[in-house]
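We're numbering straight along the sequence, starting at 1.
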Amino acid sequence: MTDLLSPMLLPETSWVRRAAHRLWLAAEGRHLLRFSQAARMEGGFGALGRDGSLPDDAQPDGILTARMVHAFSMAALQGIPGCLPLVQHGVAALLGPLHDKDHGGWFESPAAPENRKQAYLHAFVALAGSSATLLGVEGGEKLLSLATEILEKHYWSEEEGVMRESFARDWSDEEDYRGANANMHSTEACLALADITGNDEWLKRAHRIVHRFVHEIAGSHDYCMPEHFNREWSLLRDYNKDKPTDSLRPYGMTPGHFAEWAHLTIKVEAALLRREGIAPGWMLHDSRALLDSALRYGWAPDGKPGMIYTIDWDHKPHVTVRAHWVQAETVTAAINLLKRTGSPAYELWYRKIWDYIAEALIDHERGGWRNEVDADGKISGDVYPDKADLYHAFQATVAPILPLSPCLTLALRESDIV
């Protein structure tokens, strides 16, 4: 097997250098893939119940379908049988019932066609299109072309250097809102689009988004990321104060997003270094500072292990459930910063978070990961009532064994991994 670790600054004692750990990651990834196959349904993919089956009233979900296309594309690129047909199914759904033939763009659900068109959803469709294109799936290039056209025509704001948030179905009535979450996932999409299309304009856009949200906004808030602004960029401190458990726009700040921005910033740096041979010095500093803040305020603030969901403006715990995606993104940030710096502190966090995931989140009886648990490790449904989807967890099993790369699918195609 090609030694993928040689260009990394991993300590000799790192778990990632151990064959047993790499095999464990691979096995856990396979378990997640097998579990998530049950989410396939007519018209796309739906949310699984806690028992791992589709509820009788399940509906195809645009966000889940796009994320499944991306995740199963990664698995197919690894050579895992059974994943290509799932990618094909998802692409067909995104070009079929989930696609708005009248106005362009995509539905969150064909059962609710008049819902607003969110940048968050469309970032994942672009990611799905890039992954399916790299895999060579029929319809992948068409999906990629449609998605990039929509992002450029409706969402990208050249003046602001960020993505606009949402519109009515016919692209009227732009929302008076600018959000960190949609722009965070748009950064991931832009990095993939730059790699798959070869168009450096997407890398420039990823750089601009990260500069605004990470270097300017988080940098002026002790490297904690405020999430909610209006179109004039006034901070909305009371946004969703009455909905603290909102799954996409919760009140306060979200430490898991600090960690997610941390590893995305390092990926933008990697892309710039590869394309231009130089990257701003603030990127490494800001990435480390974001993860430091995530762990300082998010990990075990109530004396019990795990990263909590949200904190308030005084950095105190607000919603203390432990969501699966928060742990997955934090472990990914730790390993990426370990590869980038070689600092043993990140190795310790990498191990600690995986230990917590293995103990509290992996459902050894029914499969998959519990979507969230409370401080005592008991299943909770305050934010996420169903079972975790594949996207965050599967990427957490893949990222550690790859070189630090802007685009995971491209790194998988070019690598020989367990």
J.: Is the closest basic N to carboxylate O distance between Arg208 and Glu158 below 4.0 Å?
T.: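 Salt bridge between Arg208 and Glu158, a charged N being under 4.0 Å from a carboxylate O: yes.
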J.: Determine, for Lys267 against Glu188, whether the closest basic-nitrogen to carboxylate-oxygen distance falls under 4.0 angstrom.
T.: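 Salt bridge flag = no for Glu188 with Lys267.
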J.: Determine whether Tyr297 and Asp222 satisfy the following criterion, side chain to side chain donor-acceptor pair (under 3.5 Å), listing intermediate values before the conclusion.
T.: CA-CA 11 Å; Tyr297 301 120; Asp222 191 29; 3.1 Å; yes
J.: So, are Asp173 and Arg116 salt-bridged, with charged N and O less than 4.0 Å apart?
T.: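 A salt bridge is present here (some side-chain N lies under 4.0 Å from a carboxylate O).
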J.: Compute the centroid of each ring, for His228 and then for Tyr251, and state whether the two points are separated by less than 6.0 Å.
T.: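 No, the ring of His228 stays outside the 6.0 Å limit from the ring of Tyr251, centre to centre.
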J.: Around Glu160, counting heavy atoms of other residues, nucleotides and ligands shown, do more than 12 lie under 6.0 Å from its CD?
T.: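 Buried by this count: over 12 neighbours within 6.0 Å.
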J.: Given 3.5 Å as the limit, does a donor-acceptor pair link the side chain of Glu347 with the main chain of Pro11, or not?
T.: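 Answer holds: no.
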J.: Please check if the side chain of Thr148 supplies one atom and the backbone of Ser145 the other of a donor-acceptor pair under 3.5 Å.
T.: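 Yes; at least one donor-acceptor contact below 3.5 Å.
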J.: Ignoring hydrogens and angles, state whether a donor on the side chain of Glu372 or His324 is under 3.5 Å from an acceptor on the partner side chain.
T.: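 Looking only at side-chain atoms, His324 and Glu372 do not form any donor-acceptor pair under 3.5 Å.
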J.: Any donor-acceptor pair under 3.5 Å linking the side chain of Lys316 with the backbone of Pro301?
T.: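 Between the backbone of Pro301 and the side chain of Lys316 there is no qualifying donor-acceptor contact (under 3.5 Å).
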J.: Determine whether the aromatic ring centres of Trp299 and Trp349 lie less than 6.0 Å apart.
T.: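 Yes; Trp349 has its ring centre under 6.0 Å from that of Trp299.
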J.: Is there a side-chain contact between Leu134 and Asp195, using heavy atoms and a 4.5 Å cut-off?
T.: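 They are not in side-chain contact.
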J.: How would you list all residue pairs meeting salt bridge (Lys or Arg N to Asp or Glu O under 4.0 Å) that involve residues 376-385, not counting sequence neighbours?
T.: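 For residues 376-385: Lys304-Asp376.
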J.: Between Tyr155 and Glu165, does the side-chain contact (heavy atoms from CB on, under 4.5 Å) criterion hold? Intermediate values first, please.
T.: CA-CA 7 Å; Tyr155 290 106; Glu165 188 67 23; over 6 Å; no
J.: Are His285 and Tyr223 an aromatic pair by the rule of ring centers under 6.0 Å?
T.: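 Ring centroids of His285 and Tyr223 are less than 6.0 Å from each other.
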J.: Report yes or no: do Glu141 and Thr133 form a side-chain donor-acceptor pair below 3.5 Å?
T.: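 Result is no, nothing qualifies.
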J.: Taking Cys407 as the fixed residue, which of Ile196, Leu193, Leu127, Leu412 is the one that meets the side chain to side chain contact (heavy atoms under 4.5 Å, CB included) rule?
T.: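 Between Cys407 and the candidates, side chain to side chain contact (heavy atoms under 4.5 Å, CB included) is satisfied uniquely by Ile196.
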J.: Please answer whether the main-chain N or O of Glu201 pairs with a side-chain N or O of Asn199 as donor and acceptor at a distance below 3.5 Å.
T.: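 Judged by distance alone, yes, a pair lies under 3.5 Å.
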J.: Any idea which heavy atoms bring Asp302 and Ala375 closest together, and the distance?
T.: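 Result for this residue pair: OD2-CB, 3.6 Å.
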J.: Nearest 0.5 Å, what's the CG-OG1 distance between Leu337 and Thr265?
T.: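 Spacing of CG (Leu337) from OG1 (Thr265) equals 9.5 Å.
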J.: Would the His21 and Tyr350 ring centres measure less than 6.0 Å apart?
T.: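 That pair passes the under 6.0 Å test.
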J.: If you apply the rule side-chain contact (heavy atoms from CB on, under 4.5 Å), what do you find for Val383 with Ser247, and how did you get there?
T.: CA-CA 6 Å; Val383 183; Ser247 63; 4.2 Å; yes
J.: Which value, rounded to the nearest 0.5 Å, describes the distance between Thr320 atom OG1 and Met307 atom CE?
T.: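 Reported to 0.5 Å precision, the distance equals 13.0 Å.
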J.: Report yes or no: does Ser131 contribute a side-chain atom to a donor-acceptor pair with the main-chain N or O of Ala128 at less than 3.5 Å?
T.: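 Side chain of Ser131 to backbone of Ala128, a donor-acceptor pair under 3.5 Å: no, none is there.
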J.: Give me the ring orientation class for Trp282 and His215: parallel if the planes are under 30° apart, tilted from 30 to 60°, perpendicular past 60°.
T.: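 Ring orientation of Trp282 relative to His215: parallel.
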J.: State plainly whether the residues Asp389 and Arg67 are in salt-bridge range, i.e. N to O under 4.0 Å.
T.: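 Looking at Asp389 and Arg67, the cut-off is met.
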J.: Would the His31 and Trp369 ring centres measure less than 6.0 Å apart?
T.: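 No: the rings miss the under 6.0 Å criterion.
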J.: Please say whether the positively charged group of Arg212, taken as NZ for Lys or CZ for Arg, lies over the ring of Trp233, i.e. under 6.0 angstrom from the six-membered ring centre and within 45 degrees of the axis.
T.: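 The answer is yes, since Arg212 meets both limits relative to Trp233.
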J.: What's the spacing between Glu174 CD and His154 NE2 if we round to 0.5 Å?
T.: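 Going from the CD atom of Glu174 to the NE2 atom of His154 covers 11.5 Å.
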J.: Please report whether the ring centroid of Phe124 lies less than 6.0 Å from that of Tyr120.
T.: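 Yes - the distance between ring centres of Tyr120 and Phe124 falls below the 6.0 Å cut-off.
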J.: For residues 392-411, which residue pairs pass the side chain to side chain donor-acceptor pair (under 3.5 Å) check, not counting sequence neighbours?
T.: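 Counting only pairs at least two positions apart or across chains, the side chain to side chain donor-acceptor pair (under 3.5 Å) contacts touching residues 392-411 are His70-Gln395, Glu329-His392.
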J.: Within the supplied structure, the quantity of interest is the number of heavy atoms (other residues, nucleotides, ligands) at a distance under 6.0 Å from Glu365 CD; does it exceed 12?
T.: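 No - once you tally the heavy atoms of other residues, nucleotides and ligands closer than 6.0 Å, there are 12 at most.
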J.: State, yes or no, whether a side-chain contact exists between Phe258 and Met253 at a heavy-atom distance under 4.5 Å.
T.: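 Contact flag for Phe258/Met253 side chains = yes.
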J.: Checking Gln78 against Arg30 for the side-chain contact (heavy atoms from CB on, under 4.5 Å) test, could you report, in this order, the C-alpha distance in whole Å, the side-chain angles of both residues, the deciding distance, and whether it holds?
T.: CA-CA 11 Å; Gln78 290 178 268; Arg30 306 300 185 271; 4.1 Å; yes
J.: Please round to the nearest 0.5 Å and tell me the distance separating atom CE of Met163 and atom CG of Asn183.
T.: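 Nearest 0.5 Å value for the CE-CG distance: 7.0 Å.
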J.: Do Leu95 and Lys142 pass the side-chain contact (heavy atoms from CB on, under 4.5 Å) test, and can you show the C-alpha distance, the side-chain angles, and the key distance before you say yes or no?
T.: CA-CA 8 Å; Leu95 291 174; Lys142 180 179 180 181; 4.2 Å; yes
J.: Measuring from Thr310:OG1 to Asp246:CG, what's the distance to the nearest 0.5 Å?
T.: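 Rounded to the nearest 0.5 Å, the OG1-CG separation comes to 11.0 Å.
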J.: Could you tell me whether the side chain of Val373 reaches within less than 4.5 Å of the side chain of Val321, counting heavy atoms only?
T.: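 No, their side chains stay 4.5 Å or more apart.
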J.: About how many Å separate CG of Asp386 and CG of Asn371, when rounded to the nearest 0.5 Å?
T.: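 Here the rounded value is 5.5 Å.
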J.: For the residue pair Tyr356 / Arg351, report whether a side-chain donor-acceptor contact shorter than 3.5 Å exists.
T.: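 Looking only at side-chain atoms, Tyr356 and Arg351 do not form any donor-acceptor pair under 3.5 Å.
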J.: State, without any angle test, whether Tyr391 and Trp325 hold a side-chain donor-acceptor pair at a distance under 3.5 Å.
T.: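 No, because no side-chain N or O of Tyr391 sits under 3.5 Å from a partner of the opposite role on Trp325.
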J.: Is the backbone of Gly377 close enough, under 3.5 Å, to the side chain of Arg322 for a donor and an acceptor to pair up by distance?
T.: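 No; zero donor-acceptor contacts below 3.5 Å.
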J.: Between Ser14 (side chain) and Leu10 (backbone), is there a donor-acceptor pair under 3.5 Å?
T.: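 Not at all, since once roles are kept as given, no pair shorter than 3.5 Å links the two residues.
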J.: Taking the ring of His122 and the ring of Trp106, is the distance between their centroids below 6.0 Å?
T.: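 For Trp106 and His122, the ring centres are under 6.0 Å apart.
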J.: Is Lys117 salt-bridged to Asp100, cutoff N-O under 4.0 Å?
T.: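 Asp100 and Lys117: salt-bridged.
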J.: Do Phe107 and Arg169 touch side chain to side chain, with heavy atoms closer than 4.5 Å?
T.: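 Result yes, sub-4.5 Å side-chain heavy-atom pair found.
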J.: Hey, are the side chains of Pro255 and Tyr309 touching, using non-hydrogen atoms and a 4.5 Å cut-off?
T.: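 Pro255 does not reach Tyr309 side chain to side chain.
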J.: Should Leu77 and Arg413 count as side-chain neighbours, where that means a heavy-atom distance under 4.5 Å?
T.: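 SC-SC contact between Leu77 and Arg413 confirmed.
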J.: Ion pair present between Glu152 and Arg205, side-chain N to carboxylate O less than 4.0 angstrom?
T.: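 Salt bridge present between Glu152 and Arg205.
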J.: Take Asp363 and Arg50 through the test salt bridge (Lys or Arg N to Asp or Glu O under 4.0 Å) and record every step on the way to the result.
T.: CA-CA 10 Å; Asp363 190 337; Arg50 290 182 184 174; over 6 Å; no
J.: Does the side chain of Tyr346 come within less than 4.5 Å of Leu291's, by heavy atoms?
T.: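 Yes. Closest side-chain heavy atoms under 4.5 Å.
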J.: Are the side chain of Trp261 and the backbone of Val214 linked by a donor-acceptor contact shorter than 3.5 Å?
T.: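 Here the side-chain-to-backbone pair does not exist.
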J.: Quick one: does Arg17's side chain have a donor or acceptor within less than 3.5 Å of a partner on Thr13's backbone?
T.: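 Such a contact is absent between Arg17 side chain and Thr13 backbone.
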J.: Please set out all donor-acceptor pairs under 3.5 angstrom arising from side-chain atoms of residues 234-243, sequence neighbours excluded.
T.:
residue	atom	partner	partner atom	Å
Tyr239	OH	Arg249	NH1	2.8
Asn240	ND2	Arg249	O	2.6

J.: For Gln118, does its backbone N or O pair with a side-chain atom of Ser166 as donor and acceptor, under 3.5 Å?
T.: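 Not at all, since once roles are kept as given, no pair shorter than 3.5 Å links the two residues.
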